[in-house]
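Heavy-atom basis, side chains included; hydrogens, waters and symmetry copies ignored. Throughout, numbering of the chain's residues begins at 1 and tracks the sequence.
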Amino acid sequence: MDIRFTNSATRKKDIFVPIDPTNVRMYLCGPTVYDRAHLGNARPVLVFDVLYRLLRHVYDVDHVTYVRNFTDVDDKINATALKRKEAGAAGSLEDLVRERSDETIGWYHADMDALGALRPDHEPRATGYIGEMVAMIETLIARGHAYAAEGHVLFSVESYDGYGALSGRSVDDMIAGARVEVAPYKKNPMDFVLWKPSTDELPGWDSPWGRGRPGWHIECSAMSHALLGETFDIHGGGNDLTFPHHENEIAQSKCAHPEGDFARVWLHNEMLQVEGKKMSKSLGNFFTVRDLLEQGVPGEVIRFVMLSTHYRKPMDWTAEKAREAETTLRKWRGMVEGVEPGEIPEPVVAALADDLNTAGAISELHRLAAAGEAPALKAGAGLLGLLTPDLAGWDTVSVDLSALADRLAGVRAEAMQSKDFSEVDRLKAALIAAGVEVRMSKAGVELVPGAGFDAVKLEALG
């Protein structure tokens, strides 16, 4: 089965041919660890988690290497640590930066684990690869692609003819449309920082250009080169990173290692909206993954809603979608409980192999559920990271509602004779109030735990 991806670099859907089928390599730009991951941060994690699962299924678990970094040196982290110090926290500012990074990485792991995301094979921290960054910067200077100025080192955009190819914009267009830092030491407004000075108090490292710290873009280039080599298969991230981050990564990586291709395939996911609007604090619709989890939204529900939209389309999170997802997942979990998974259905794999069409794969799961094919449903859902034991956490999934279903069926039968449906209406209303989905047809009565199911409310029914 061919795998096809829409490659941002070629702007078309290409057949994926790995460089080495025994070592398929992918890199995803990870978080800057200064605060909780918001819902939008979760989208690339889940998209590329499914890609990781697909590649492991096709090429074998031991033949895929997945790297997702942590940016743990950044002005935002420094600012957060400074606030703590000003509030009286003990330790140096550098100690507080490290504490904040460790704390935030712990939060990130807990939140992404709750969404069923597998841990990557490597999770490098930027601070662990400073030596590699300095070496790459030195190479760029030696080859005429970078220059030192006033304690900074900058990449010379004009030195790389391919700059702008990924985003499809000329340098002039970028200057006109971008917010570029105006600095007297820049030869060109688009030149970007590879190294910048650091005070004695802030985190910093010795370098040929003085004590300082790396720019953001050089971090991913150095880490991906160290762990995946000069050429690897897939580089992913949100489409908001296409420019300048990914554009700059390509420029500095290809100039430092001209014998390599850097990344062969570029995959970019679209952004997230909330109730049809861009998520922002000013609109009051900004929330973190942890906010949802603490509100009682299961991690599997978040995952299901995210994967129900193709990664290249804007994903709109709505409360209604979450409720529908919870109802579906409760029903599916009830179907597959105690069932051994069968073979992963080929239509599910085929959907994912077609540009990671998670929405199409979920449609196939709905078909399997409707057909009552529980073993296939469980296997297919597992490939998407759904209905897995580690995501259980559904204390109401296995509740037995058969007695109440029989009771409602009996009450309805009596009402058909007496024409008095008051007891049917009362019982049905009580079930709905407890979060039970009531389905009545000629075939009988079916009760399914739905969104907001509350077993305590059922106790009043006896």
Point to revise | is_close_aromatic(Phe155, Tyr160), centroid dist under 6.0 Å | key: no
Practice item. Mind checking the CE-CG spacing from Met315 to Leu307? Nearest 0.5 Å is all I need. Key: 9.5 Å
Practice item. Without swapping roles, check the side chain of Asp2 against the backbone of Ile15 for a donor-acceptor pair under 3.5 Å. Key: no
Check your understanding: Looking only at side chains, do Asp49 and Tyr66 share a donor and an acceptor under 3.5 Å apart?
Key -> no
Check your understanding: Do Arg125 and Asp102 touch side chain to side chain, with heavy atoms closer than 4.5 Å?
Key -> yes
Practice item. Tell me whether the guanidinium CZ or amine NZ of Arg68 lies under 6.0 angstrom from the six-membered ring centre of Phe48 and within 45° of its axis. Key: no
Review point. So, is the end of the Arg56 side chain (NZ or CZ) under 6.0 Å from the ring centre of Tyr52 and within 45° of the ring's axis?
Key: yes
Point to revise | Basic-acidic side-chain contact under 4.0 Å: Asp95, Arg84 | key: no
Exercise for review: Would you indicate whether the side-chain heavy atoms of Arg169 and Phe243 approach each other to under 4.5 Å?
Suggested key: yes
Practice item. Could you give me the CA-CA distance, side-chain angles and deciding distance for Val274 and Phe286, then say whether side-chain contact (heavy atoms from CB on, under 4.5 Å) is met? Key: CA-CA 8 Å; Val274 175; Phe286 179 94; over 6 Å; no
Exercise for review: Run the salt-bridge test on Glu320 and Arg323 with the 4.0 Å N-O cut-off and return the result as yes or no.
Suggested key: yes
Practice item. Show your reasoning for whether side-chain contact (heavy atoms from CB on, under 4.5 Å) applies to Val67 and Met223. Key: CA-CA 9 Å; Val67 178; Met223 288 184 280; 5.8 Å; no
Review point. Do the numbers put Lys187 on top of the ring of Tyr147, so that NZ or CZ is under 6.0 Å from the six-membered ring centre and no more than 45° off the axis?
Key: yes
Check your understanding: If only atom types and distance count, is the side chain of Lys186 paired as donor or acceptor with the main-chain N or O of Asp191 below 3.5 Å?
Key -> yes
Exercise for review: Evaluate whether atom CG of Asp161 has more than 12 neighbouring non-hydrogen atoms of other residues, nucleotides or ligands under 6.0 angstrom away.
Suggested key: no
Review point. Out of curiosity, Leu228 CG to Phe262 CZ, how far, rounded to the nearest 0.5 Å?
Key: 9.0 Å
Check your understanding: Hey, are the side chains of His63 and Pro18 touching, using non-hydrogen atoms and a 4.5 Å cut-off?
Key -> no
Practice item. To the nearest 0.5 angstrom, please state how far the CG atom of Leu82 sits from the CD atom of Glu86. Key: 4.0 Å
**Study point:** Verdict with reasoning, Asn248 to Tyr163, per side chain to side chain donor-acceptor pair (under 3.5 Å)
**Key:** CA-CA 8 Å; Asn248 292 351; Tyr163 195 79; 2.4 Å; yes
Review point. Do you know which two heavy atoms are closest between Pro203 and Arg213, and how far apart they sit?
Key: O-CD, 3.9 Å
Exercise for review: Answer yes or no: is there a donor N or O on one side and an acceptor on the other, between the side chain of Asn285 and the main chain of Ser280, under 3.5 Å?
Suggested key: yes
Check your understanding: Looking at side-chain heavy atoms only, is the closest gap between Phe304 and Leu384 below 4.5 Å?
Key -> no
**Study point:** Lys/Arg-Asp/Glu bridge criterion (N-O < 4.0 Å) met for Asp20, Arg25
**Key:** no
**Study point:** Donor-acceptor contact below 3.5 Å, side chain Arg303 vs main chain Leu115
**Key:** yes
Practice item. Consider only side-chain N and O atoms of Thr65 and Asp121, and report whether a donor and an acceptor are under 3.5 Å apart. Key: no
Practice item. Identify whether the distance between the nearest side-chain nitrogen and carboxylate oxygen of Glu337 and Arg333 falls below 4.0 Å. Key: no
Practice item. Taking Asn7 for its side chain and Trp266 for its backbone only, find out whether a donor-acceptor pair lies under 3.5 Å. Key: yes
**Study point:** Reported CG-to-CG distance for the pair Asp233 and Leu55, which is rounded to 0.5 angstrom
**Key:** 8.5 Å
Exercise for review: Determine, step by step, whether Arg119 and Asp113 satisfy the salt bridge (Lys or Arg N to Asp or Glu O under 4.0 Å) criterion, reporting the C-alpha distance in whole Å, the side-chain angles of both residues, the deciding distance to 0.1 Å, and the verdict.
Suggested key: CA-CA 8 Å; Arg119 297 279 180 95; Asp113 289 350; 2.8 Å; yes
Check your understanding: How many angstroms lie between atom CD of Glu300 and atom CG of Leu386, to the nearest 0.5 angstrom?
Key -> 5.5 Å
Practice item. Run the numbers on Ser221 and Ser253 for side chain to side chain donor-acceptor pair (under 3.5 Å), then give the verdict. Key: CA-CA 6 Å; Ser221 286; Ser253 294; 2.7 Å; yes
Practice item. Flag yes if more than 12 heavy atoms outside Glu259 fall under 6.0 Å of its CD atom; otherwise flag no. Key: yes
Check your understanding: Crowded around Glu275 CD? As in, over 12 foreign heavy atoms under 6.0 Å?
Key -> yes
Practice item. Check whether more than 12 heavy atoms from other residues, nucleotides or ligands sit under 6.0 Å from atom OH of Tyr34, and answer yes or no. Key: no
**Study point:** Heavy-atom donor-acceptor pair, Lys378 side chain to Val339 backbone, under 3.5 Å
**Key:** yes
**Study point:** Distance-only donor-acceptor check, side chains Ser156 and Asn188, under 3.5 Å
**Key:** no
Review point. Is the shortest distance from a Lys or Arg side-chain nitrogen in Lys13 or Asp354 to a carboxylate oxygen in the other one below 4.0 Å?
Key: yes
Point to revise | Criterion side-chain contact (heavy atoms from CB on, under 4.5 Å) on Thr358 and Tyr311, from CA distance to verdict | key: CA-CA 8 Å; Thr358 54; Tyr311 78 95; 6.0 Å; no
Point to revise | Salt bridge Lys321-Glu324, side-chain N to carboxylate O under 4.0 Å | key: no
Check your understanding: When you measure from the side chain of Glu364 to the backbone N and O of Ala351, does any donor-acceptor pair fall under 3.5 Å?
Key -> no
Check your understanding: With a 4.5 Å limit on heavy-atom distance, are the side chains of Leu329 and Leu387 in contact?
Key -> yes
Check your understanding: Is a side-chain donor or acceptor of Asp316 paired with a backbone partner of Gly276 at a separation under 3.5 angstrom?
Key -> yes
Point to revise | Candidates His152, His145, His217 - the one meeting ring pair (Phe, Tyr, Trp, His ring centres under 6.0 Å) with Phe192 | key: His217
Exercise for review: For the pair Arg264 and Asp14, find out whether any cationic side-chain nitrogen is under 4.0 Å from an anionic carboxylate oxygen.
Suggested key: no
Check your understanding: Is there a donor-acceptor contact under 3.5 Å from the side chain of Asn239 to the main chain of Glu270?
Key -> no
Practice item. Determine whether more than 12 heavy atoms belonging to other residues, nucleotides or ligands lie under 6.0 Å from atom CD of Glu340. Key: no
**Study point:** Beyond-backbone contact of Pro124 with Leu227, side-chain heavy atoms, under 4.5 angstrom
**Key:** yes
**Study point:** Val297 and Glu326, any side-chain heavy atoms less than 4.5 Å apart
**Key:** no
Review point. Are the ring centres of His225 and Tyr129 closer than 6.0 Å?
Key: no
Check your understanding: Any side-chain heavy-atom pair from Trp209 and Glu138 closer than 4.5 angstrom?
Key -> yes
Check your understanding: Salt bridge or not for Glu103 and Arg100, using N-O below 4.0 Å?
Key -> yes
Practice item. On the 0 to 90° scale, with breaks at 30° and 60°, tag the His235-His246 ring pair as parallel, tilted or perpendicular. Key: perpendicular
Review point. Out of Val47, Leu39, Val45, which one pairs with Met306 under the side chain to side chain contact (heavy atoms under 4.5 Å, CB included) rule?
Key: Leu39
Review point. His366 side chain to Thr328 main-chain N or O, any donor-acceptor pair under 3.5 Å?
Key: no
Review point. In this structure, which one of Thr139, Ile137, Leu194 forms a side chain to side chain contact (heavy atoms under 4.5 Å, CB included) with Gln252?
Key: Leu194
Revision key, fill the gap. Output for pair (Thr10 OG1, Leu166 CG), nearest 0.5 Å, gives 10.5 Å
